[in-house]
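Since the structure comes first, as structure tokens, the remarks are kept for the end.
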Protein chains: 2
Amino acid sequence: MKGQDVILGVLHDTPMSGYDIKQHFEKYLPDMFVASFGTIYPTLNRMEKEGYIEKEIIVQEGKPNKHLYHITAKGKEAFQAYIQSPIEPKTIKYDFMMRLVFGKHASEEQRLKWLKQELAQLTEDLDKLKNVEQEPCLCASERLALRLGLAIQQGAVTELENIISELEAPDHKN
Amino acid sequence: MKGQDVILGVLHDTPMSGYDIKQHFEKYLPDMFVASFGTIYPTLNRMEKEGYIEKEIIVQEGKPNKHLYHITAKGKEAFQAYIQSPIEPKTIKYDFMMRLVFGKHASEEQRLKWLKQELAQLTEDLDKLKNVEQEPCLCASERLALRLGLAIQQGAVTELENIISELEAPDHKN
DNA sequence: ATCCACATGTAAGAAGTTACATGATTCG
DNA sequence: CGAATCATGTAACTTCTTACATGTGGAT
């Protein structure tokens, strides 16, 4: 799964600009895929050159022009090839977890600060997903993904809350 | 969090070879950090040159020599700097989730195959974590990390099982 | 016979990050 | 008056992946 595959996936239904694509990722695909402008814009330009997508320039007043990209037949083919390819194992870089693993090299206050910070982050992500759930135009498969994502996120939040309240219980030093 | 930081973390307590480090990652840090030999060996060589670690060559018979790396004072300093630095947001590349999101472009059989495959993978990872739990020599903070990891993994497995059984229920096409 | 575990490495290329550069508008 | 949003891009750098190269010993 490269940036290209995901971009083709989101352009399949709706033409979008690089800016739109980043927002779409952040709103609908948090914790599944991350991409910065430094990746998105060069990728889009390369994909256009190679014929996977076509550019349409929307002139806007007061704002910079928008480059709307449409998927081509070649792009749809490439996307199908991705969909048929074997699933790649997930890769995660989870700094917070590493801190916990190496936690004995930090202070108790530090660890508690980390736990609360992560809880805040996870709660925010969970709320984001709950907002997506309200969207009426999701297909069955998208709802499955959302459901799994919610279960995982909810599980993490609940366990973190338990851990924090245990650590903060007045008797935890006995 | 770079490869270097994690390597310093595991070498902090025990001297290890590149081969050992990879096995340690796979056993104790699955789903938190992934590194291949192509990353580990060059990183170790660079770190030695820069004085973060020291090499001790263990001559073995019948097997290639083992390069045992020890952390230095400079290495411990660098590790402390990492521990005190702000936590980086996690990055995930989760191909399976993407397939679900884009699932309408695949067949129902395909989707079910994906779900079952992922369930098998997650179950395997969960078993791995449960084995780590049996280890007697884990510190409190490591147990916290494990507990959170188990909760997340368990939540995912349970929800996936529910999803699969719902899809396979004889009446799901009504 | 063949494959797996042990063990280390290199080289080429793909991919991604960060910082920089530009510039109008809107909101507080 | 400053910050955020909209909007696109480049350049330098870091990092990671993949494939190759080598070789022994043990298990099936």
Side-chain angles (χ1 to χ4, degrees), chain A residues 1-8 15-27 29 32-50 52-53 55-69 78 82 85-86 88-95, chain B residues 1-8 15-27 29 32-50 53 55-69 78 82 85-86 88-95 98:
Chain A
M1 175 189 55
K2 295 169 211 160
Q4 206 194 80
D5 302 315
V6 189
I7 289 175
L8 287 174
M16 286 189 211
S17 67
Y19 198 87
D20 295 336
I21 289 172
K22 182 150 190 277
Q23 293 207 316
H24 187 91
F25 283 174
E26 278 161 14
K27 182 167 182 189
L29 312 169
M32 275 176 249
F33 190 78
V34 187
S36 61
F37 287 128
T39 311
I40 292 173
Y41 287 125
T43 304
L44 283 170
N45 285 327
R46 199 209 65 223
M47 285 169 73
E48 198 206 358
K49 240 182 274 162
E50 292 173 4
Y52 298 110
I53 53 179
K55 194 191 324 199
E56 174 194 0
I57 294 179
I58 308 289
V59 180
Q60 301 185 123
E61 281 165 47
K63 292 182 202 173
N65 290 345
K66 197 184 254 246
H67 298 188
L68 256 201
Y69 290 97
Y82 157 65
S85 72
E88 286 169 34
K90 68 168 171 293
T91 55
I92 306 186
K93 261 176 83 173
Y94 202 171
D95 197 9
Chain B
M1 175 190 56
K2 295 169 211 158
Q4 207 194 82
D5 303 314
V6 190
I7 288 175
L8 287 174
M16 287 189 210
S17 66
Y19 198 87
D20 295 336
I21 289 172
K22 182 151 191 275
Q23 294 207 317
H24 186 92
F25 284 174
E26 280 162 13
K27 183 168 179 190
L29 312 169
M32 275 175 250
F33 190 78
V34 187
S36 61
F37 286 129
T39 310
I40 293 172
Y41 287 123
T43 302
L44 284 170
N45 285 326
R46 199 209 65 223
M47 286 168 72
E48 198 207 358
K49 242 182 274 164
E50 293 172 5
I53 52 178
K55 192 188 327 197
E56 174 194 359
I57 294 177
I58 307 289
V59 179
Q60 302 187 119
E61 281 164 47
K63 292 181 203 174
N65 290 345
K66 196 183 255 245
H67 298 188
L68 257 201
Y69 290 97
Y82 157 65
S85 71
E88 286 168 35
K90 68 168 172 288
T91 55
I92 306 186
K93 262 176 85 174
Y94 202 172
D95 197 10
M98 279 297 162

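Chain A is the first sequence line, chain B the second, and so forth, proteins listed ahead of strands; every chain is numbered from 1.
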Is any side-chain heavy atom of N65(A) less than 4.5 Å from a side-chain heavy atom of I58(A)? no
For residues D5(A) and D95(B), determine if any side-chain heavy atom of one lies less than 4.5 Å from a side-chain heavy atom of the other. no
Round to a whole Å and report the spacing from [atom1] of [X] to [atom2] of [N].
X      : N       : atom1 : atom2 : value
I40(B) : dT10(C) : CD1   : C1'   : 15 Å
L44(B) : dA7(C)  : CG    : P     : 14 Å
I57(A) : dA7(D)  : CD1   : C1'   : 13 Å
Y41(A) : dT18(C) : OH    : C1'   : 16 Å

Would one find a side-chain N or O of [X] under 4.0 angstrom from OP1 or OP2 of [N]?
X      : N       : answer
K63(B) : dT24(D) : no
S36(A) : dT18(C) : no
Q23(B) : dC6(C)  : yes
K2(A)  : dA15(C) : yes
T43(A) : dA15(C) : no

Taking the six-membered ring for Trp and the full ring for Phe, Tyr or His, determine whether the centres of Y94(B) and F33(A) are under 6.0 Å apart. no
Heavy-atom nearest nucleotide on DNA chain C for K93(B) versus G38(B): which residue maps closer to 5'? G38(B)
Between T91(B) and G18(B), which has a closest nucleotide on DNA chain C that is more 5'? G18(B)
Compute both the distance and the angle, then confirm whether K22(A) meets the cation-pi test with F37(A): under 6.0 Å from the six-membered ring centre, within 45 degrees of the axis. yes
Between Q60(A) and G3(B), the residue closer to the 5' end of DNA chain D by nearest nucleotide is Q60(A)
Nearest nucleotide by nearest heavy atom, which residue falls closer to the 5' end of DNA chain D, N45(A) or K66(A)? K66(A)
With sugar-phosphate meaning primed atoms plus P, OP1 and OP2, does S17(A) contact a base, only sugar-phosphate, or nothing at under 4.0 Å between heavy atoms? sugar-phosphate
Please pick, from dT8(C), dG9(D), dC6(D), the nucleotide with the shortest atom-to-atom distance to any side-chain atom of Y19(A). dC6(D)
Please tell me which of the listed nucleotides, dA7(D), dT17(D), dG16(C), lies nearest to the side chain of P64(A)? dA7(D)
No-hydrogen, no-angle side-chain donor-acceptor test under 3.5 Å, Y69(B) and D20(B): no
